[in-house]
Amino acid sequence: MLEVKSLSVHFSTADGDVKAVDNVSFSIKPGETLGIVGESGSGKSVTALSIMQLNASPPCNYPSGEILFKGKDLLKAKEKELQKIRGNDIAMIFQDPMTSLNPVFTVGSQIIESIRKHQNVSKKEAKRRAIEMLTDVGIAHPEKRMKEYPHQYSGGMRQRAMIAMALSCNPKLLIADEPTTALDVTIQAQLLELMQNLQEKYGMAIIMITHDLGVVARIADRILVMYGGTIVEKGKTLDIFYEPLMPYSWSLMQSIPNPQPGKREKLVPVPGQPPNLLHLPEGCRFQPRCPFAREECKKINPPLTEKTSGHSASCILTPEEIKDEISKFKRGRGVI
Amino acid sequence: MTKKKNKSLQKNALGIASGIILTLIILLAIFGPFIMKTSPTEVYAENRLQPPSLEHLFGTDHFGRDIFNRIIYGARISLIVGFSAAVITTIVGTTLGLVAGYFKKVDNILMRMIDGMMAFPAILLAIMLVAALGGNLQNIVIALVFAYIPIMVRIVRSSTLQLKNMQYVEAAKASGTSNTTILFNHLLPNAITPIIVQGTFIFAEAILAEAALSFLGVGVQPPIPSWGSILGESRIYLMNAPWYSIFPGVAIAITVLSLNILGDLFRDLLDPHSLNSSKKKRWSVKMTETIGNIQMKKSVNKGVEK
Amino acid sequence: MLKYIIKRLLSLIPVVLIVGIIVFVVIHLIPGDPAQVMLGQSATDEQVESLRKELGLDQPIIIQFFTWFGDILQGNLGHSVFSNKPVLDLILERIGPTISLTVLATTVSLLIAIPSAIFAVWKRNSFLDPLFMSGTLLGVSIPNFWLALLLILCFGVTFQWFPVAGYQPISAGFWPWLSHLILPAVVLSVQQIGIIARMLRDGMLEVVNQDYIRTAKAKGLVERIVLMKHAFLNAMIPTTTVIGTSIALLLGGAVVTETVFAIPGLGRLIIDSISSRDYPVLQGSVLFVAGVYVLVNLIVDIVYAFLDPRIRYD
């Protein structure tokens, strides 16, 4: 349904071009959930905003690539065509629900605005539909809540309202950019469940962007791991969790706690800093922080290649070598 | 080259140009009178209302005095009045603002007084004061200080209120640092940017206000030349000697514009990451009369939200 | 909302008191005996003494203040020393031209400032932005009395399009009224345009980077609507305050402008009372202006609260 082909996104700054996204390709099928994981600055949000063509331009530019949606290249689409797609075919929700709704309009009017923009319906019909959406996302007393302003909603409520607004035109694809990061853990769980339920009901595909592996583990069918503007590993969720083929993905997983009792391991943060996108390291981008780095890693930047069926990674080590390294590492730390 | 960089370069270039122009005007004001051949106050009846010529660059006035010469002398008066008003306002206003922001009890009383002063249009307060005190240079400066001090106090106070709750201030307090040290060694250096910017704008504004006062006849009295008093005298000759009115005004406009551009530039250079959004809007004295109100509203809002 | 208005009204009480004290103190700063000053050197001692009694100058200063302030709160601003007319009557005679002038100037400035600011934000990456910025800076840097002289020279003397002095009430016809006010209103609005347009632009540029603007774009809204509806309304909230305060500038500027254009308004009254040493008139009219200004700002604050749902709903 959506296919991104060798997309690159650059931001021109006073110090030079920042290569925020570099040669990224992926696709998503109808009804599927794709997780994009990475540290801040890995290019995951920029990739998402590129699909919507919402990166501030200038300074943003697209030196190469295609974003095909229903056969049309969004990078070449006119602003008018994009406006028809945004909110209608592709909708998006953002990280901070506290600031994502306009404070001077009622929540209801903001949902109605979206419906009326894309669907040729009467005000009354749009209102009815907005109330229905608010009910769907689990907001009690939707008629009353429609007339309230964002500041009268709690954070979780606002994100629910954002979801209602995003889904109000029945989009084919919902892009969720860190939708739960700013919320409490309990509310996070509720919202993820809500999104899954709504996905079943409306059948849209979801791109879930997050730095939280727990979130993608719960909800995603497939995962892209991004590092320094490139995809470093891509595959089915379970494959990546049980058999990471890129040391970075493995490091990421080492840095989150395992909730299962008895299986507690010492948390290992990913050492070092994310790469400076202005001055990328020679060779593999992760190599300066990689616990398993070899001499040749400093020279070769391995491309993303399929290592096992449906599971690709960009690392010169073979799956077996990585497995060895991981167990060696664990023995070295005295944990098994 | 990116647009952003271009923009800041443009701004810098404009700022440098303003700086050069201001320096020239100041140098002319200081040294100009020494090289002038004629006195700015002596009457040369035979030269009455001569249009600009090589001999009299800006023409002559109704007493045959060279207008260029008078503008140079006027620059002294206008710049001295504006500068003194700006410096005194800045020093006194900063002190009061720091104290008001830091000590809650003083704050209540002082801010009510400031609110009262802000109920007068600044120029009107100045006119009234000068009318009461008499129009000599010293009184004009006093009047202007009173007219512009409320804004300075409000700006410094609001910065102080924000900074007061910063960890490093709390830490200094916890380690027993005296209040004076906290005020002048911890708070003041961090609030200095808006103070400098505002001081520059007040300088510009005070030059305009002095000119207005003198133009209206309540400020600097003839025959002493100030830019405003020259303009005031020129009014009745507007039809037959337009140059008489044009050149002093150009002098005021260029000086004030340069100062405003510099103030704008200072703000951009010194304050790349402003503490709060409203600070960005502090770009002119006139505008900042409102900032206090906005700040007040914010605190009211906060109270309401709680 | 009601709570906010009450709070705001209560905060006016100290302001009004301080305003009274300031005017009272300033007038008492005048060196010499006010009665003597008002009557001039030729007055006899008896005349001075009786005026002193009439003005209550023989009372202790605190008593003087409260008597005076009490009178003012009842609308009694005293009498002119020269015409012996009540000051309030004099002010009301002169208020018409000043109201006409300020309303006209405000209308002109809003009509120019708001569209140009929106346009500047819309075309923010083009050459228009530096042009706009220089324009607003120039607007606040030009001395208004000088601009008045230039306009008189250009449109009044050279082209002779408009009369250069005087005032006609609107009852004398729309065009006579307007033609007398066009030049002074332009003079007054130039500064205001500079301030309001710049404030609105800065506010909108700040708002344009907010998350909810991105949300609006993500909904597929047209850039024009995003700017004019979503960004404009948010930026307008702080701008209302500027508009309120710039009324102060207008009232102050009116003093200068009315003098240049010989408009018999409140500003002229103030200047005339200074040159004729008619201190009760000066005192009364300055107080009146301060009162109007406080009132306008109260209204602006209520509008502000009305525009901002975060205050309105509580």
Side-chain angles (χ1 to χ4, degrees), chain B residues 3 7 10-11 14 112-113 115-117 119-125 127-129 131-134 204 208 211-212 215-218 228 231-232 234-235 238-239 242 245-246 248-249 252-253 256-257 259-261 264 277-278 280-281 283-284 286-287 289-290 293-294 296-297 300-301 304-305, chain C residues 3-4 7 14-15 17-19 21-23 26-27 29-31 125 130 137-138 140-146 149-150 152-153 157 191 195 198-199 202-203 206 238 241-242 244-246 248-249 251-253 255-256 259-260 270-271 274-275 282 286 289-290 293-294 297 301 304 310-311 314:
Chain B
K3 281 228 160 129
K7 242 181 205 175
Q10 263 172 19
K11 239 182 170 169
L14 210 61
R112 290 298 80 72
M113 283 173 64
D115 285 346
M117 284 167 83
F120 300 93
I123 185 86
L124 197 58
L125 193 61
I127 287 177
M128 189 171 71
L129 274 165
L133 298 169
L208 273 183
F215 176 82
L216 290 171
V218 291
L231 266 175
S234 79
R235 251 174 75 197
L238 184 63
M239 318 252 169
S245 300
I246 289 174
I252 303 175
V256 174
L257 184 63
L259 281 170
N260 277 333
I261 292 174
D264 236 22
S277 53
S278 60
K280 278 191 212 145
K281 290 165 201 152
W283 68 285
S284 135
K286 290 164 193 156
M287 181 156 296
E289 289 187 23
T290 70
N293 289 344
I294 294 173
M296 195 171 74
K297 245 160 249 163
V300 171
N301 293 357
V304 168
E305 266 170 29
Chain C
K3 202 169 117 194
Y4 175 83
K7 212 168 172 177
V15 171
L17 188 70
I18 303 275
V19 165
I21 293 175
I22 291 173
V23 172
V26 169
I27 296 298
L29 282 178
I30 298 166
N125 291 316
L137 273 178
L138 198 64
V140 293
S141 300
I142 291 182
N144 52 7
F145 45 90
W146 182 59
L149 295 180
L150 291 188
I152 289 176
L153 201 58
V157 180
Q191 266 190 344
I195 295 164
R198 173 75 186 260
M199 180 82 184
D202 287 1
E206 211 163 283
T241 323
V242 181
T245 354
S246 71
L249 268 182
L251 293 169
V255 177
V256 181
T259 312
V260 182
I270 291 174
I271 295 299
I274 290 174
S275 48
L282 173 63
V286 169
V289 171
Y293 179 45
V294 168
N297 268 297
D301 278 2
Y304 178 102
R310 281 158 292 191
I311 306 179
D314 193 82

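Numbers restart at 1 for each chain; the letters A, B, ... are given by sequence-line order, proteins then strands. Computed over heavy atoms, backbone and side chain alike; hydrogens, waters and symmetry mates excluded.
Options Val15(C), Leu251(C), Ile271(C), Val19(C) differ in how many heavy-atom pairs under 4.5 Å they form with chain B, and the most are formed by Val19(C). Interface check for chain B: of the options Ile142(C), Leu149(C), Val255(C), Asn144(C), the most heavy-atom pairs under 4.5 Å are formed by Leu149(C). When the candidates Gly253(C), Ser275(C), Pro143(C) are compared by the number of heavy-atom contacts under 4.5 Å with chain B, Pro143(C) comes out ahead. If you tally non-hydrogen atom pairs under 4.5 Å between each of Ile246(B), Leu125(B), Leu129(B) and chain C, the highest count goes to Ile246(B). Between chain C and the options Gly228(B), Ala132(B), Ala253(B), heavy-atom pairs under 4.5 Å are most frequent for Ala132(B). Counting heavy-atom pairs under 4.5 Å between each of Val294(C), Val23(C), Leu153(C), Leu282(C) and chain B puts Leu153(C) at the top. Ranked by non-hydrogen atom pairs under 4.5 Å with chain B, the options Val256(C), Val26(C), Leu17(C) are led by Val26(C).
Both the backbone and the side chain of Ala212(B) come within less than 4.5 Å of a heavy atom of chain C. Proximity to chain B (any heavy atom under 4.5 Å) is restricted, for Val157(C), to the side chain, taken from C-beta onward. In this structure, chain C has heavy atoms under 4.5 Å from both the backbone and the side chain of Leu238(B). Contacts between Leu138(C) and chain B at a heavy-atom distance below 4.5 Å involve backbone atoms as well as side-chain atoms. Heavy-atom distances place no part of Ile21(C) under 4.5 Å from chain B, backbone and side chain included. Of the atoms belonging to Leu259(B), not a single heavy atom falls under 4.5 Å from chain C. The part of Leu150(C) that comes within reach of chain B is its side chain, from C-beta onward, which places non-hydrogen atoms under 4.5 angstrom from that chain.
Put simply, the side chain of Met199(C) reaches to within 4.5 Å of the side chain of Pro238(C), judged on heavy atoms. For the pair Met117(B) and Ile22(C), the minimum side-chain heavy-atom distance is below 4.5 Å. The side-chain heavy atoms of Ile252(B) and Trp146(C), taken from C-beta on, include no pair separated by under 4.5 Å. Between Ile123(B) and Met128(B) there is no side-chain heavy-atom pair separated by less than 4.5 Å. At least one side-chain heavy atom of Thr259(C) sits under 4.5 Å from a side-chain heavy atom of Arg235(B). Considering only heavy atoms from C-beta on, Val260(C) comes within 4.5 Å of Ile152(C) through its side chain. Using a 4.5 Å cut-off on side-chain heavy atoms (C-beta onward), Val289(C) and Ile270(C) make contact.
For the pair Asp264(B) and Arg198(C), the salt-bridge criterion is met [side-chain N within less than 4.0 Å of a carboxylate O].
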(Q) With side chain to side chain contact (heavy atoms under 4.5 Å, CB included) as the criterion, how do Tyr4(C) and Asp301(C) come out once you've worked through the C-alpha distance, each side chain's angles and the decisive distance to 0.1 Å? (A) CA-CA 10 Å; Tyr4(C) 175 83; Asp301(C) 278 2; 3.9 Å; yes
